[in-house]
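Please read the structure below before turning to the comments.
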Amino acid sequence: MGKIFKQLARHWAACLAVVALLFVQAYCDLSLPDYTSKIVDTGIQQGGIESPLPETVRQSTLDALSLLMSEEDADALQNAYGYYLQDNGVLKLRSDLTDAERTALEEAVTTPDIVLYMVAAQNANAPAGDEAETMTAAPTAEDLDAVCGQFAAMAQMPGFSREMIQQQLASAMEQVDETTLSSMASQATLLVSLEYEAQGVSHDVQMVYLFRVGGQMLALTLLMVVVAILVGLIASRVSASIGRELRRETFSSVIHFSNAEIENFSTASLITRTTNDIQQVQFTCVILLRMVAYAPILGIGGVMHVTQGNTGLAWIIVLDVAALLLLITVLMSIAMPKFKIMQTLVDKLNLVSREILTGVMPVRAFSRESFEEKRFDAASRELMGTQLFTNRAMVAMMPFMTLIMNGTSLLIVWFGGKAMDAGNMQVGEMIAFITYTMQIVMSFLMLAMVAVMLPRAGVAADRIDEVCRTKASIHDPDAATAKPALEKKDWDGVVRFEDVSFRFPGADSDALEHISFTANPGETTAIIGSTGCGKSSLLNLIPRFYDVTGGRVTIDGIDVREMPQEQLHSLLGYVPQKGVLFSGTIESNLKFGGAQITDAGMKKAASIAQATEFIDAKPEGYASPIAQGGSNVSGGQKQRLSIARAIAKDPKIYLFDDSFSALDYKTDVTLRRALKEETDNATVIIVAQRISTVLHANQILVLDDGRLVGKGTHAQLMATCPEYQEIARSQLSQKELNLQDLNTGKEDE
């Protein structure tokens with residue numbers, strides 16, 4: 001996981017922007033339940049009335065309220081309503097009141113509001129006589145007017161004292177318990193509602209409040225949508241950049257690997273790491289930015305909103321979180337080990353698929369379709385079994401999550417209903433509490449979903465990092481030890497092996513032992529021997545596909561290990577044993593050696609390689625397309641194009657690794673004759689299986705089990721080297737051998 005966060009740290013500015021936007025999104029998300037609660041409790045149940053202090057009030061109601069207050073509070077209340085709105089005596093609350101003044105007035109007017117409303121309610125139910133206590137008729141504006149009239153008449157009675165009323169109110173309030181007092185608090189706004197009803201503006205007040213709060217909810221929702229889009233855009237760009245950088249780094253590492261590193265990882269595994277593994281990391285980065293960063297913000301914010309309330313239901317959240325943590329821990333402990341081996345199984349499946357698709361023709365030729373199908377099916381079923389196990393474990397999480405969510409809702413409704421009955425909670429508060437609880441559960445659900453992906457992504461990141469951290473065993477020399485760079489024209493191209501030994505990495509014995517020879521410009525050096533004797537390994541030491549383990553290989557006296565690889569390769573024209581072409585055109589393949597190759601040079605190289613005839617026969621000529629790997633040309637055509645590609649580079653040293661094996665005898669002779677004329681001043685080293693290819697070489701090296709057992713011309717080797725004689729007699733008839741001896745001025749003994 002640390003490696004994934006390391007990749008994200010490269011884009012720290014974008015990640016900080018995402019986190020900041022997520023805080024905005026969480027603020028909007030967490031604010032919406034509060035607004036829902038306001039709409040239900042205040043907008044619907046209280047008619048849009050938020051404060052026990054009315055915005056507009058009639059003089060009669062104001063006077064009645066003042067009688068129930070201390071003289072100081074009454075003066076402050078009368079002073080708060082500054083001027084008449086209409087001729088009917090409706091006063092408006094002053095707009096210049098400070099928050100402190102407004103709060104003080106609200107506290108002062110709450111108890112008078114409650115008392116005035118209760119008296120109006122008693123008047124509304126008075127006709128019921130003895131049944132008045134059980135009547136629930138709501139008071140009307142007429143009842144409020146009647147009560148205000150009673151209070152006005154009472155104030156005119158002899159012996160009226162404001163202090164006496166205050167003492168009676170204080171004594172009555174002391175006898176009311178806290179629960180009843182809490183339930184009575186809502187009656188303060190009911191009095192304001194009656195006052196607005198008497199003014200004929202109650203509907204307008206409610207609609208104004210609903211439109212205002214609803215508009216704020218809509219604005220927050222739109223802001224949340226915009227922020228979510230921005231978060232998704234930034235997260236996608238960051239993850240795409242991380243994927244691009246990882247592919248670049250991985251490919252840059254792989255392209256500089258020697259054969260030893262390629263064989264250590266395997267081609268199939270490198271392909272998987274460059275594609276599937278990077279895709280896993282890229283997808284996980286998006287999820288980390290969009291979900292993992294958001295879930296804690298949302299969850300912690302939900303917990304804070306829940307605990308700030310006085311609902312007494314916070315213990316449900318604690319129980320909920322504990323159950324979720326236990327569920328996630330159990331599931332992860334079951335599924336985690338399987339995630340760690342899933343990528344290895346993907347590697348195995350890719351390896352089997354690649355082998356079968358690459359060797360589909362031999363598979364058909366040997367009628368092994370059924371066997372290969374079973375082998376592929378076994379690898380596929382093994383991966384499928386692991387994936388099914390992990391998927392089932394994760395799918396099992398959803399029913400448990402649903403059970404926890406529904407159980408939580410049931411507990412909230414049960415205990416919330418009791419709290420509402422006791423007057424400690426309103427309907428809107430319970431709705432908001434349920435919403436916050438679901439947000440907390442969803443944040444844990446998001447984390448659980450990410451926990452499913454993180455183990456696999458962590459394995460993928462480790463595998464990618466393993467490739468990037470692997471240092472190529474073949475590397476350029478340090479600047480201090482590197483030989484000064486020379487122009488290509490300043491090189492002669494003398495190749496010398498000085499007591500060279502070579503052992504493959506991890507092998508127990510040397511593949512080449514104490515090889516010494518010199519290949520001079522203008523001469524052809526041929527290497528021949530039985531299969532597996534080390535011919536190609538010897539040739540691969542020159543371009544440093546491998547490095548020698550003993551002795552040294554030099555060009556013009558300079559050790560190839562002391563030369564920058566780019567300069568070394570600029571001197572070489574290499575034709576591999578298996579012709580490799582790249583997707584594109586014939587022209588792009590022949591000019592693969594560099595932009596300096598002209599059209600004339602390309603066509604000349606094609607002519608020398610005897611490729612002109614089949615190129616010109618194609619309708620598009622040199623613009624003819626080449627499929628991936630050269631699958632749309634024959635083996636002989638592929639070899640000739642590979643040879644032409646090396647010739648077009650005009651190197652100082654030609655390396656042919658059994659590059660004439662797919663050519664017929666006539667084409668082979670013609671090509672080598674034309675090549676001889678072209679390479680008069682170049683060093684030519686040829687690895688061959690056919691003795692006819694090396695007969696006229698200036699120097700023939702005979703290898704046997706990694707040792708140099710013969711060196712000389714054909715005639716010299718026929719006279720002195722039993723191994724060469726054995727090869728010659730196995731490929732040439734006695735008549736051909738005699739003819740070769742006559743051509744060299746000798747007779748067969």
Side-chain angles (χ1 to χ4, degrees), residues 27 31 33-59 61-83 85 90-118 144 162-163 165-167 169-170 172-174 176-196 199 201-202 204-206 208-210 212-213 216 304-305 307-311 423-426 428-429 432:
Y27 171 79
S31 297
D34 283 336
Y35 282 95
T36 302
S37 175
K38 289 179 181 179
I39 286 178
V40 174
D41 293 339
T42 305
I44 296 176
Q45 291 186 330
Q46 297 177 193
I49 300 170
E50 301 177 83
S51 170
L53 190 67
E55 292 295 324
T56 59
V57 66
R58 295 173 302 165
Q59 186 66 54
T61 306
L62 183 63
D63 292 341
L65 291 172
S66 299
L67 290 176
L68 299 172
M69 305 170 68
S70 65
E71 188 171 353
E72 181 181 356
D73 289 339
D75 291 340
L77 183 66
Q78 291 285 347
N79 185 54
Y81 292 90
Y83 55 91
L85 284 180
V90 176
L91 301 169
K92 182 178 180 181
L93 187 68
R94 284 169 45 193
S95 59
D96 60 345
L97 291 175
T98 64
D99 292 339
E101 290 174 335
R102 188 181 184 95
T103 301
L105 285 173
E106 288 177 348
E107 293 176 354
V109 82
T110 297
T111 300
D113 279 347
I114 295 172
V115 172
L116 205 60
Y117 180 81
M118 292 177 66
L144 176 62
R162 186 189 299 270
E163 288 74 13
I165 295 179
Q166 292 294 316
Q167 291 175 359
L169 279 177
M173 297 304 291
E174 287 177 358
V176 178
D177 58 64
E178 186 177 347
T179 302
T180 305
L181 185 63
S182 176
S183 63
M184 291 170 57
S186 62
Q187 295 179 0
T189 57
L190 293 177
L191 186 280
V192 179
S193 178
L194 281 179
E195 174 62 18
Y196 286 157
Q199 298 176 27
V201 298
S202 59
D204 295 337
V205 170
Q206 183 178 38
V208 167
Y209 180 85
L210 290 176
R212 177 168 59 83
V213 177
Q216 292 172 345
M304 291 176 61
H305 275 77
T307 54
Q308 284 174 358
N310 296 320
T311 59
N424 297 326
M425 179 183 281
Q426 292 182 291
E429 288 180 320

Hey, what do you get for OG (S31) to NZ (K38), rounding to the nearest 0.5 Å?
8.5 Å
For V205 against G48, the heavy-atom pair lying closest together:
CG1-O, 4.0 Å
Quick check: do I114 and L191 have side-chain heavy atoms less than 4.5 Å from each other?
no
Are any of the side-chain heavy atoms of L68 and T111 separated by less than 4.5 Å?
no
Atom pair CE/CD of M69 and Q78 - distance to nearest 0.5 Å
9.0 Å
Where the side chain of S193 meets the backbone of T189, is there a donor-acceptor pair that is under 3.5 Å apart?
no
Tell me which one of V57, T56, V90 satisfies side-chain contact (heavy atoms from CB on, under 4.5 Å) with Y81.
V57
Does CD belonging to E101 count more than 12 external heavy atoms closer than 6.0 Å?
yes
In terms of heavy-atom contacts, S66 and L77 come closest through OG-CD2, 4.1 Å
Reported CG-to-CG distance for the pair D113 and L53, which is rounded to 0.5 angstrom:
8.0 Å
Criterion side chain to side chain contact (heavy atoms under 4.5 Å, CB included) on R94 and N79, from CA distance to verdict
CA-CA 9 Å; R94 284 169 45 193; N79 185 54; 3.0 Å; yes
Looking just at side-chain N and O atoms, do T42 and E50 make a donor-acceptor pair shorter than 3.5 Å?
no
Could you tell me the separation between the CD atom of Q216 and the CD1 atom of I39, rounded to the nearest 0.5 Å?
9.5 Å
Spacing of CG belonging to L93 relative to CZ belonging to R102, to within rounding of 0.5 Å
5.5 Å
How about D99: does its CG atom have over 12 heavy atoms from other parts shown lying under 6.0 Å from it?
no
One should read off an interatomic distance between I49 CD1 and L190 CG, to the nearest 0.5 angstrom, of 8.0 Å
Between L62, L144, V201, which is the residue that forms a side-chain contact (heavy atoms from CB on, under 4.5 Å) with E195?
L144
Report yes or no: does S37 contribute a side-chain atom to a donor-acceptor pair with the main-chain N or O of P33 at less than 3.5 Å?
no
Quick check: closest heavy atoms across L97 and A80, and the distance to 0.1 Å?
CD1-CB, 4.2 Å
